[in-house]
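Worksheet: one structure, shown below.
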Amino acid sequence: MKTEFTAEQLKDPKITRANEILRSCVHCGFCTATCPTYQVLGDELDSPRGRIYLIKDMLENNRVPDAKTVKHIDRCLSCLACMTTCPSGVHYMHLVDHAREYIEERYKRPLGDRALRWLLARILPYPTRFRLALLGAKIGRPFARLMPDARLRAMLEMAPRQIPPVSRNDDPQSFAPKGARKKRVALMTGCAQKALNTDINDATIRLLTRLGCEVVVAEGAGCCGALTHHMGKSDESHRTAAKNIRAWAREMDGEGLDAIVINTSGCGTTVKDYGHMFRHDALASDAARVSGIAMDVSEVLMQLDLPTGGAPEMTVAYHAACSLQHGQQIKTYPKDLLKRAGFGVVEPTDSHLCCGSAGTYNLMQPEISKQLKERKVRTLEARNPDVIAAGNIGCMMQIGSATGVPIVHTVELLDWATGGPKPPAMERAAQGMTGVPILR
């Protein structure tokens with residue numbers, strides 16, 4: 001794609017990067033075949049190629065974003081299926097992230113939008129605040145249909161009926177391995193996940209220590225910054241990410257780390273990009289070191305001696321989170337691990353398509369998100385699984401809100417197959433407690 005940025009514009013490293021990405025696009029349109037919003041809406045401007053044209057025009061002309069451009073960029077899920085499909089290697093993620101930052105700095109949204117985005121940025125990355133918000137949503141859930149704004153209804157409808165108690169395993173500490181130590185790893189405990197489902201981190205710690213890892217929860221680490229990063233609130237996301245970088249760098253410089261383990265794939269995609277995010281920052285070197293050893297939990301487990309064949313006979317429908325299969329290009333490891341453990345694994349039709357969760361997307365774009373959720377649930381249930389497995393808390397909440405099939409994290413099943421407890425979500429399903437996700 002031909003670009004016409006001025007020499008003055010190209011002095012800005014962000015514009016230089018955008019120019020590199022834009023020039024790699026050859027207009028082929030392969031991306032439209034795998035873009036969920038294009039499939040739902042049928043509008044070229046709701047495809048990656050269409051958004052690329054809008055971003056190019058906005059950046060080249062250094063103009064204040066208009067409502068039309070903002071609407072179509074806001075509708076992007078950042079599922080990154082386009083990056084998997086693109087034959088030219090267009091790094092759409094960096095381009096759309098820059099566009100969102102540009103919009104956040106220059107576009108004045110309607111008051112309701114500003115208030116909603118401010119609220120989400122002030123609540124979701126903070127587990128204690130999020131727990132209090134969930135409690136309020138739980139109380140307000142019976143009145144969801146009375147809410148005039150679809151986004152507010154979506155927030156209330158997604159609230160779990162029960163909120164899990166705080167897990168002390170998420171506090172800064174170290175867990176000793178069972179037997180000889182094979183690795184020393186830091187576990188990212190996250191933010192929203194700690195409020196929504198404490199079973200995942202608990203199972204991850206049990207599984208990793210059982211397989212010979214010392215697991216460290218580093219002092220000072222917390223939210224990865226993804227939620228605010230994808231809203232274009234770069235200052236906030238960088239402040240959050242910087243805390244993680246410093247916390248993990250201290251561990252690397254102390255007793256050392258073999259890996260930073262992440263069991264929420266949306267966070268993993270962001271942490272692996274810290275090197276790029278901080279490339280012009282004083283933390284550039286440490287950020288690159290952190291990104292260099294950041295690994296999805298499935299990547300670490302593939303390096304360990306997971307026992308074979310211990311699972312009960314059952315069918316697991318594996319949902320591939322976009323941030324894992326597209327953002328991190330990890331496609332087979334979770335399935336390979338489940339099969340090694342003895343589970344029968346099936347996949348839904350069009351497994352490459354997003355479930356519609358996408359961070360805060362299901363709260364800010366509920367109509368589109370609902371259509372994607374319904375399609376994903378139909379294709380999963382069509383495989384008649386006993387349980388659904390996924391590697392991202394957002395996907396689990398999204399899918400779990402529309403199916404009676406229990407949904408659990410992949411590590412919960414692997415923990416169970418190697419001596420851990422049966423996943424609580426499956427226990428509840430066996431007791432007939434289905435419907436809206438009850439996370440504990």
(message) What verdict does the salt bridge (charged side-chain N to carboxylate O under 4.0 Å, His left out) test give for Lys14 and Glu101, after you've listed the backbone C-alpha separation in whole Å, the side-chain angles of each residue and the deciding distance to 0.1 Å?
(response) CA-CA 10 Å; Lys14 294 178 182 178; Glu101 179 183 27; 2.8 Å; yes

(request) Say whether Lys373 and Ser357, considering side chains only, have a donor N or O and an acceptor N or O under 3.5 Å apart. (result) no

(request) Given side chain to side chain contact (heavy atoms under 4.5 Å, CB included), test Cys31 with Tyr38 step by step and report yes or no. (result) CA-CA 9 Å; Cys31 56; Tyr38 180 71; over 6 Å; no

(message) Would you say that Ile200 contacts Val411 through its side chain, given a criterion of any heavy-atom pair below 4.5 Å between the two side chains?
(response) yes

(request) Given side chain to side chain contact (heavy atoms under 4.5 Å, CB included), test Leu187 with Val216 step by step and report yes or no. (result) CA-CA 6 Å; Leu187 174 64; Val216 178; over 6 Å; no

(message) Name the residue from Asn392, Thr198, Asp170, Asn201 that meets the side-chain hydrogen bond (donor to acceptor under 3.5 Å, both in side chains) definition with Gln193.
(response) Asn201

(request) Begin from the C-alpha positions of Thr228 and Arg239 and carry the test side chain to side chain contact (heavy atoms under 4.5 Å, CB included) through to its verdict. (result) CA-CA 10 Å; Thr228 47; Arg239 281 197 299 271; over 6 Å; no

(message) Between Glu214 and Lys182, does any side-chain N to carboxylate O distance fall below 4.0 Å?
(response) no

(request) Verify whether one side chain among Ser24 and Ser88 offers a donor that lies under 3.5 Å from an acceptor in the other. (result) no

(request) Starting at NE2 of His409, measure out to CG of Asn263 and round the result to the nearest 0.5 Å. (result) 5.0 Å

(request) Could you grab the distance from atom OG1 of Thr360 to atom CG of Asn362, nearest 0.5 Å is fine? (result) 7.5 Å

(request) Check Ala195 against Pro127 and note the closest heavy-atom contact, atom names and distance. (result) CB-O, 4.0 Å

(request) Could you tell me whether the side chain of Phe130 reaches within less than 4.5 Å of the side chain of Cys191, counting heavy atoms only? (result) no

(request) Could you tell me which non-hydrogen atom of Asp199 sits nearest to which non-hydrogen atom of Glu412, and how far apart they are? (result) CB-OE1, 3.5 Å

(message) Apply side chain to side chain donor-acceptor pair (under 3.5 Å) to residues Asn169 and Asp202 and explain how you reach the verdict.
(response) CA-CA 7 Å; Asn169 286 340; Asp202 290 349; 2.9 Å; yes

(request) Could you tell me whether the side chains of Thr270 and Asp273 share a donor-acceptor contact shorter than 3.5 Å? (result) no

(request) Decide, yes or no, whether a salt bridge links Arg210 with Asp415 under the criterion of side-chain N to carboxylate O below 4.0 Å. (result) yes

(request) Determine, step by step, whether Asn244 and Tyr274 satisfy the side chain to side chain donor-acceptor pair (under 3.5 Å) criterion, reporting the C-alpha distance in whole Å, the side-chain angles of both residues, the deciding distance to 0.1 Å, and the verdict. (result) CA-CA 10 Å; Asn244 289 333; Tyr274 277 0; 3.2 Å; yes

(request) For Gln329, look at atom CD and say whether over 12 heavy atoms of other residues, nucleotides or ligands are found less than 6.0 Å away. (result) yes

(request) Heavy atoms only: give me the nearest Gly266-Ala226 pair and the separation to one decimal. (result) O-CB, 4.3 Å

(request) Verify, without hydrogens or angle tests, whether Lys233 (side chain) and Glu104 (backbone) share a donor-acceptor contact under 3.5 angstrom. (result) no

(message) Could you tell me if Thr84 and His326 have a donor-acceptor pair between their side chains, going purely by distance under 3.5 Å?
(response) yes

(request) Report yes if some heavy atom in the side chain of Arg51 is under 4.5 Å from a heavy atom in the side chain of Cys76; otherwise report no. (result) yes

(request) Please report the closest heavy-atom contact between Arg122 and Arg129, naming both atoms and the distance. (result) O-NH1, 2.8 Å

(message) For the residue pair Gln398 / Ser369, report whether a side-chain donor-acceptor contact shorter than 3.5 Å exists.
(response) yes

(message) Would you say that Ile55 contacts Ile73 through its side chain, given a criterion of any heavy-atom pair below 4.5 Å between the two side chains?
(response) yes

(message) Quick check for you: to the nearest 0.5 Å, what is the distance between Met295 atom CE and Gln328 atom CD?
(response) 10.5 Å

(message) With rounding to the nearest 0.5 angstrom, report the CD1 to SG distance, Ile407 to Cys395.
(response) 7.5 Å

(message) Could you check whether any side-chain heavy atom of Arg109 comes within less than 4.5 Å of a side-chain heavy atom of Ile103, counting everything from C-beta outward?
(response) yes

(request) Mind running ring-ring contact (aromatic ring centres under 6.0 Å, His included) on His27 and Tyr53 for me, showing each step along the way? (result) CA-CA 10 Å; His27 321 274; Tyr53 279 115; 5.7 Å; yes

(message) Regarding Asp258 and Arg184, does a basic nitrogen lie under 4.0 Å from an acidic carboxylate oxygen?
(response) no

(request) Please examine the side chains of Asp46 and Cys35, heavy atoms only from C-beta on, and report whether any two atoms are closer than 4.5 Å. (result) no

(message) For Ala18 versus His98, what's the shortest heavy-atom pair and its separation?
(response) CB-CD2, 4.1 Å

(message) Is it the case that the side chain of Glu374 and the backbone of Gln371 share a donor-acceptor pair, with hydrogens and angles ignored and the cut-off at 3.5 Å?
(response) no

(request) Step through the shown structure and confirm whether more than 12 heavy atoms of other residues, nucleotides or ligands are within 6.0 Å of CZ on Phe5. (result) yes

(message) Do the side chains of Lys11 and Glu8 get close enough for a salt bridge, i.e. N-O under 4.0 angstrom?
(response) yes

(request) Output yes when Glu367 and Lys370 qualify as a salt bridge under the 4.0 Å nitrogen-oxygen rule, no when they do not. (result) no

(message) Donor-acceptor check, side chain of Ser351 to backbone of Glu347, threshold 3.5 angstrom: yes or no?
(response) no

(message) Could you check whether Glu299 pairs with Lys272 (Lys NZ or Arg NE/NH1/NH2 to Asp/Glu carboxylate O, under 4.0 Å)?
(response) yes

(request) Apply the side chain to side chain contact (heavy atoms under 4.5 Å, CB included) test between Thr264 and each candidate in Ile393, Asp296, Thr269, Val297; give the one that qualifies. (result) Ile393

(message) Any salt bridge linking Asp171 with Arg168? Criterion: basic side-chain nitrogen under 4.0 Å from a carboxylate oxygen.
(response) yes

(request) For the pair Ile399 and Leu380, evaluate side chain to side chain contact (heavy atoms under 4.5 Å, CB included) and give the outcome as yes or no after the intermediate values. (result) CA-CA 9 Å; Ile399 295 168; Leu380 284 164; 3.9 Å; yes

(message) Taking Lys194's backbone N and O only, do any of them form a donor-acceptor pair with Arg131's side chain (distance below 3.5 Å, no angle check)?
(response) yes

(request) Starting at CD1 of Ile260, measure out to CD1 of Ile262 and round the result to the nearest 0.5 Å. (result) 7.0 Å

(message) I want to check something: taking the side chain as every heavy atom from C-beta on, are Lys56 and Cys25 in contact at a cut-off of under 4.5 Å?
(response) no

(request) Might you point out which heavy atoms bring Leu80 and Gly327 nearest each other, and give the distance in Å? (result) CD1-CA, 3.8 Å

(request) Please determine if Asp57 and Arg63 form a salt bridge, counting it only when a charged side-chain N lies under 4.0 Å from a carboxylate O. (result) yes

(request) Look only at the side chain of Ser47 and the backbone of Asp43, and say whether a donor-acceptor pair between them is shorter than 3.5 Å. (result) no

(request) With rounding to the nearest 0.5 Å, note down the distance linking CG in Leu301 to CG in Leu414. (result) 6.5 Å

(message) With heavy-atom distances below 4.5 Å as the criterion, would you say the side chains of Tyr102 and Pro65 are in contact?
(response) yes

(request) Check the angle between the aromatic planes of Phe278 and His238 and answer parallel, tilted or perpendicular using the 30° and 60° thresholds. (result) tilted

(message) Taking the basic N atoms (NZ, or NE/NH1/NH2) and the acidic carboxylate oxygens, is any pair closer than 4.0 Å for Arg100 and Asp74?
(response) no

(request) Hey, can you tell me if His91 and His94 have their rings parallel, tilted or perpendicular (30° and 60° cut-offs)? (result) parallel

(request) Please answer whether the main-chain N or O of Met231 pairs with a side-chain N or O of Arg117 as donor and acceptor at a distance below 3.5 Å. (result) yes

